Protein chains: 2
Amino acid sequence: MDGTKLSANSGVALWRQIALALEEEIARGSLGPGARLPTEIELAKRFSVNRHTVRRAVASLSEAGKLRVEQGRGTFVPEEILHFPLTERTRFTQIVEDGRRHPHREILATEIVKADETIAANLQLRKGAKVLRIESLSFVDDRPISLSVSYFPAARFPDLGPAIGETLSVTEALRRYGIDDYRRKSTKITAQMPNQEQSRHLRLAPNRPLLQTEKVDIDLDGEPIEYGISGFAGDRVELTIDMERLTDHP
Amino acid sequence: MDGTKLSANSGVALWRQIALALEEEIARGSLGPGARLPTEIELAKRFSVNRHTVRRAVASLSEAGKLRVEQGRGTFVPEEILHFPLTERTRFTQIVEDGRRHPHREILATEIVKADETIAANLQLRKGAKVLRIESLSFVDDRPISLSVSYFPAARFPDLGPAIGETLSVTEALRRYGIDDYRRKSTKITAQMPNQEQSRHLRLAPNRPLLQTEKVDIDLDGEPIEYGISGFAGDRVELTIDMERLTDHP
DNA sequence: TAGAATTTGTTCGTATGTATG
DNA sequence: CCATACATACGAACAAATTCT
């Protein structure tokens, strides 16, 4: 039951020994990312100390970002954070493969709808024009990362829906229409709370935040190709903008 | 008590009439940004309809982003959103003045501390080196927008603390040390939930998300000047990255 | 900090009007 | 005229989140 021995009067405070013990369990992987720690009471029993002593250890690790405490839910090992570099040529599939990770996308729905004002403005269409709406869920190493809704001009890309369904890659599918290259025009970033659908798909506690991006991709002539809104699991991603490399073209 | 008349059998569904009435009140300003609507029961009484009918109207406006509903708290008119363009030369004071808004910064604390690993790495100092820590709260039009902690190398900028206290502008204060220009090297963006201090300072409900940015500013020789972490009230800001203008130097 | 009060969310059931074929 | 499907509207009860005392 125990396995970890603390030594009193060793010159190292008990709570520090506990913190070190927990840190080691995390490093060893016996407490993996996302894992929930035993309750404070259980830990206190296991280390044969008062609950306050455990709390002191947890507080220290929590300040250092090595644990995440949620009132009423428990204490958790923070999930591994994925770094998404935002560049003019951001591609989901590329981003992740660089880091020896395995990206994967699931298409949840494709349909033709009429553009509302926002969609029309971003795609430079008239309001009411037909657009292809694609809802998709992206995974990295089988962890859900983002839930996206994208809009494409339906007139310019007929049957893009099935094409994306086959290739599971926007980049690939667009090639069939002669788009060999495109680039990110703009990105807007906000923080939101997830709705029920989002927290379900992203397997996210409903009180955890969402990092929401709104982007417009354009072809080399500057014509808008895609307007997309993605919600990222806030705990699992960090968007990074490297101002120096941002517009370096290959 | 009433003031708004609904007409049955007019060919327009009751809930649509209610939605239009509420939308107009928002447009007129009698329901200003951030305002809380009467409860569903009160609205039902006022319009002499069932609570479901009110809910249908609110759901419609909520989907369109014109209302924000929070379980247990109420229904609110979304706050006006501030757009923060992220560029290589982002300056808080400049950003906002362009839009005829009034920025304002409050210094909460300045002290000399020793750099931990993260701070040292970002400022390219050795761990334990002295750094100036500045905690500040930024306002726009007297609304609290962001709570920031910044670190500067103390050796290079002695007495920067008082200088910023006087000028209330980092740009101004740095000029005293011969720094006429500096630029943003990188920005990292995450979504977090606020801690008690953050929600208090930002006057943010504790269940509303925080948009957190981590930035490094460098001088023209590439030497790190400032490492800063800012928490933005997620409801009140949107960060925008214009890929095309990002590195256009004046 | 424990429980009451408030407010929105969900799910039943019922009834009516309207468009379609 | 009938059958069906769908949107609209009302009523009641309970669940869940938040706030207040």
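First the proteins, then the strands, lettered A, B, ... as listed; each starts at 1. Bear in mind the structure is a predicted one, so any value in this text is a computation, not a measurement.
Whole-Å rounding puts the Ile41(B) CD1 to dG11(D) P distance at 13 Å. In this structure, Glu40(B) places its CD atom 16 Å from P of dT18(D), rounding to the nearest Å. The distance between atom CZ of Arg56(B) and atom P of dC10(D), rounded to the nearest whole Å, is 14 Å. Taking atom CG on Leu14(B) and atom P on dT8(D), their separation rounds to 10 Å, with Å as the unit. Rounded to whole Å, the distance from CZ on Arg16(B) to P on dT8(D) is 6 Å. Straight-line distance from the CZ atom of Arg55(B) to the C1' atom of dT8(D): 16 Å, rounded to whole Å. With rounding to whole Å, Leu43(B) atom CG is found 14 Å from dC10(D) atom P.
Partners of Phe157(A) by ring-ring contact (aromatic ring centres under 6.0 Å, His included), not counting sequence neighbours, listed by chain and number: Tyr177(A). Scored by the ring-ring contact (aromatic ring centres under 6.0 Å, His included) test, Phe232(B) finds Phe84(B) as partners (sequence neighbours excluded). A search for salt bridge (charged side-chain N to carboxylate O under 4.0 Å, His left out) contacts involving Glu40(B) returns Arg51(B), Arg55(B), not counting sequence neighbours. With sequence neighbours left out, Arg68(B) forms a salt bridge (charged side-chain N to carboxylate O under 4.0 Å, His left out) with Glu70(B). Scanning for side-chain hydrogen bond (donor to acceptor under 3.5 Å, both in side chains) contacts around Glu80(A) gives Arg101(A), with sequence neighbours left out. Applying the salt bridge (charged side-chain N to carboxylate O under 4.0 Å, His left out) test to Lys130(A) and every residue at least two apart in sequence or in another chain returns nothing.
The phosphate of dG11(D) has OP1 or OP2 within less than 4.0 Å of a side-chain N or O from Asn50(B). Taking only side-chain nitrogens and oxygens, Asn207(B) never comes nearer than 4.0 Å to OP1 or OP2 of dA17(D).
Near-neighbour residues of DNA chain D inside residues 67-79 of chain B, defined by a heavy atom below 4.0 Å, number-ordered: Gln71(B), Gly72(B), Arg73(B).
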Verify salt bridge (Lys or Arg N to Asp or Glu O under 4.0 Å) between Glu79(B) and Arg36(B), making sure each step is shown before the conclusion. CA-CA 11 Å; Glu79(B) 309 236 17; Arg36(B) 197 190 130 169; over 6 Å; no

Could you pull out every donor-acceptor pair under 3.5 Å between side chains of residues 115-123 of chain A and any protein atom, sequence neighbours left out?
unit_1, atom_1, unit_2, atom_2, d
Asp116(A), OD1, Thr118(A), N, 3.0
Asp116(A), OD1, Ile119(A), N, 2.9
Asn122(A), ND2, Thr118(A), O, 3.0

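Residues Arg156(A) and Glu226(A) are not paired through a salt bridge, judged by the lack of any N-O separation under 4.0 Å between the basic side chain and the carboxylate.
When DNA chain C is scanned in the 5' to 3' direction for atoms under 4.0 Å from non-hydrogen atoms of chain B, the outermost contacting nucleotides are dT7(C) to dT11(C).
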